[in-house]
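Take a look at the structure below.
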Amino acid sequence: MTFFAYRDGILHADGVDLREIARQVGTPFYCYSSAALKERYQAFHEAFAGVPHLLCFAMKTNSNQAVLTTLARLGAGMDVVSGGEIMRARAAGVPGSRIVFSGVGKTRDEMALALREDILCFNIESAPELEALSEVAASMGLEARISVRVNPDVDALTHAKISTGTHANKFGIPLGDAPRVYARAAALPGIAITGVDMHIGSQIVDLAPFEEACARLKGLVEVLTSQGHRLSHIDVGGGLGVRYRADDPEPPSPQAYAAAILKHLGGLGLKLMFEHGRLIAANAGILVAEVIYVKHGAGKTFVIVDAAMNDLIRPTLYEAWHEILPVVQPAPAAPRLPVDVVGPVCESGDYLAEDRAMPPLQAGDLVSVFSAGAYGAVQAGTYNTRPLVPEVMVDGSRWAVVRARPTLQTMIDADIVPPWLREG
Ligand code: LLP
């Protein structure tokens, strides 16, 4: 089901005409569909209905409070990677008992914050992190529930910058070292072992890497159990991919994914936890921009829009392909000619699409960049003193700004000129 579709020739988000939002909010803006978020969450939840499970939304993908609150109300947990994300999750009404804390560089302050919030689990990424957590928890007279993130060393067959499960990257502890780290954890004060954890990468559209990793994780669970550790959960991480282009094959459904996971981990009697982000949010959001100029270069046409790499960095950083469609539906017979859709930022890497077959566009036209609900607004910056893009949420026929566009003056006033430069 798509929640961004043409109605009478005009692109709508749920029941709302995107031109209306553009008129009131200005461009560019991110727009999220509440119905899409809910549908994706429920589809995943239902796929695992038969077994105890918890989906902790990887809020690094989209941490807008309106998005988090929507998911929290459905019972979602949150996978956080910083103290800031813990605060955001709590502010959205997520109890500590539904928060897991991932990340290779947790500071002692962040650990203390997480302990005060009594979070469900710390996913430990290294031996020194385990020692630090023990010290912090013991000094507070508290116990930290932990799982160790193991690196199953499988190739997730995804883009190099988003692959995490092989020995060549910084994440997790090698599978073979895990029993030693668990033995150490069992001996440390302030530490309670509750699970095992992995995350092998992102935008994975093939079930084979998940299956291989789950088989290895199952082997580890058996070893740890035989060594006397009492586990209550397995955290399988996130990473299930979504469709970015209409002509790509449909990625595995939540049902197919559930079957693959349960084949290996279903019979262990342990609660299953997940950290999917993209799966829930990517196709629940778009970025709407306006064409500023159409420039005919030597043998190339550039459609210059008012959204840029600072607003959506995925094309530049990962060669990511995002569908771009005009908000006013072009005539079916309109020619499709290759153009580069670029932003105003002064970098040749600033593009949203290269050599893309597009219908004729002119200044003032609105375009929608699809699949921008995950790793879009959260990865935005203010390069070239461009204000962060506002975010809007649509729910049926109503909509609201869920993060306003900062004024330029606010941005400038955030800097502080030192006293010695203020005089004269
Ligand atoms: N858990 C951990 C420990 C992670 O590192 C990640 C993503 C996730 C869960 C969520 O993965 P997902 O279900 O969303 O695939 N910025 C890149 C993706 C970076 C992924 C980082 N880790 C992009 O725009 O494609």
Side-chain angles (χ1 to χ4, degrees), residues 30 37 40-41 43-44 54-63 67 71 76-82 85 89 99-106 120-126 129 147-152 156-166 169-173 195-207 209-210 213 217 234-244 251-252 254 257 261 272-285 287 309 311-322 352 369-381:
Y30 277 98
L37 287 167
R40 285 287 78 197
Y41 175 83
F44 188 88
L54 177 65
L55 172 55
C56 292
F57 175 63
M59 58 183 276
K60 63 168 74 70
T61 55
N62 188 323
S63 55
V67 170
L71 295 172
M78 298 289 155
D79 168 41
V80 305
V81 291
S82 69
E85 287 195 349
I99 297 176
V100 297
F101 192 0
S102 302
V104 295
K106 303 177 192 78
L120 179 58
C121 193
F122 290 81
N123 292 335
I124 297 295
E125 297 249 10
S126 67
E129 181 194 338
S147 66
V148 174
R149 174 170 175 186
V150 294
N151 187 334
L157 310 172
T158 184
H159 192 278
K161 283 196 179 129
I162 54 178
S163 179
T164 53
T166 77
N169 57 59
K170 69 181 177 183
F171 298 103
I173 287 170
V196 293
D197 171 49
M198 70 170 183
H199 171 76
I200 59 173
S202 199
Q203 185 53 15
I204 304 169
V205 291
D206 185 342
L207 291 175
F210 286 115
L217 209 58
I234 302 178
D235 184 337
V236 184
L240 188 55
V242 302
R243 188 147 77 165
Y244 281 91
Y257 170 82
I261 301 293
L272 294 179
M273 311 224 299
F274 301 93
E275 301 169 359
H276 293 286
R278 190 190 311 265
L279 179 71
I280 308 299
N283 283 320
L287 172 64
M309 64 186 283
D311 306 312
L312 179 66
I313 195 137
R314 301 196 71 258
T316 304
L317 198 53
Y318 317 112
E319 295 91 42
W321 199 100
H322 287 257
L352 297 174
V369 184
F370 284 75
S371 312
Y375 305 112
V378 285
Q379 295 202 121

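Here the structure is a predicted model, which is why all the values come from computation and not from measurement. Both backbone and side-chain heavy atoms feed into the values below; hydrogens, waters and symmetry mates do not. Atoms within a ligand are numbered from 1 in the order they appear, just like the ligands themselves.
Between G201 and ligand 1, not a single N/O pair is under 3.5 Å apart. On a distance-only criterion, G239 and ligand 1 share at least one N/O pair closer than 3.5 Å. Note: an N/O pair closer than 3.5 Å links Y375 and ligand 1 by distance alone. Residue T61 places no N or O, backbone or side chain, under 3.5 Å from any N or O of ligand 1.
Listed for the R149 side chain is no donor-acceptor partner under 3.5 Å among the backbone atoms of S102.
With a 4.0 Å cut-off on non-hydrogen atoms, E275 touches ligand 1 through its backbone as well as its side chain. When heavy-atom distances to ligand 1 are checked against a 4.0 Å cut-off, Y318 comes that close only through its side chain, counted from C-beta outward. Using a 4.0 Å cut-off between heavy atoms, A58 contacts ligand 1 through its side chain alone, with no backbone atom that close. The part of D79 lying near ligand 1 is the side chain, judged by heavy-atom distances below 4.0 Å. Within the 4.0 Å heavy-atom criterion, both parts of R278, backbone and side chain, lie near ligand 1.
Taken to the nearest 0.5 Å, the OH atom of Y30 stands 4.5 Å off from the CG atom of L312. Note that NE2 of H199 is 11.0 Å distant from CG of N151, once rounded to the nearest 0.5 Å.
Close contacts of ligand 1 with G238, meaning ligand atoms under 4.0 Å from a residue heavy atom, involve 13 (O). The ligand atoms of ligand 1 that sit less than 4.0 angstrom from a heavy atom of S202 are 11 (O), 12 (P), 14 (O), 15 (O), 20 (C). Distances below 4.0 Å separate heavy atoms of G277 from the following atoms of ligand 1: 12 (P), 13 (O), 14 (O).
The option with the heavy atom closest to atom 8 (C) of ligand 1, from among H199, Q379, R314, is H199. In this comparison of R149, Q203, K60, the heavy atom closest to atom 6 (C) of ligand 1 sits on K60.
Residues N123 and E275 have side chains in contact (heavy-atom distance under 4.5 Å, counting atoms from C-beta outward). Contact annotation: the side chain of K60 approaches that of E85 to within less than 4.5 Å [non-hydrogen atoms, C-beta and beyond]. Side chains of R40 and N283 form no contact here, defined as non-hydrogen atoms less than 4.5 Å apart.
Nearest heavy-atom pair, I124 versus E129, reported as atom, atom and distance to 0.1 Å: CD1-OE2, 3.4 Å.
Using a 30° and 60° split on the angle between ring planes, F44 and Y257 fall in the tilted class, from 30° to 60°.
A cation-pi arrangement, defined by a distance under 6.0 Å to the six-membered ring centre and an angle within 45 degrees of its axis, is present between K106 and F101.
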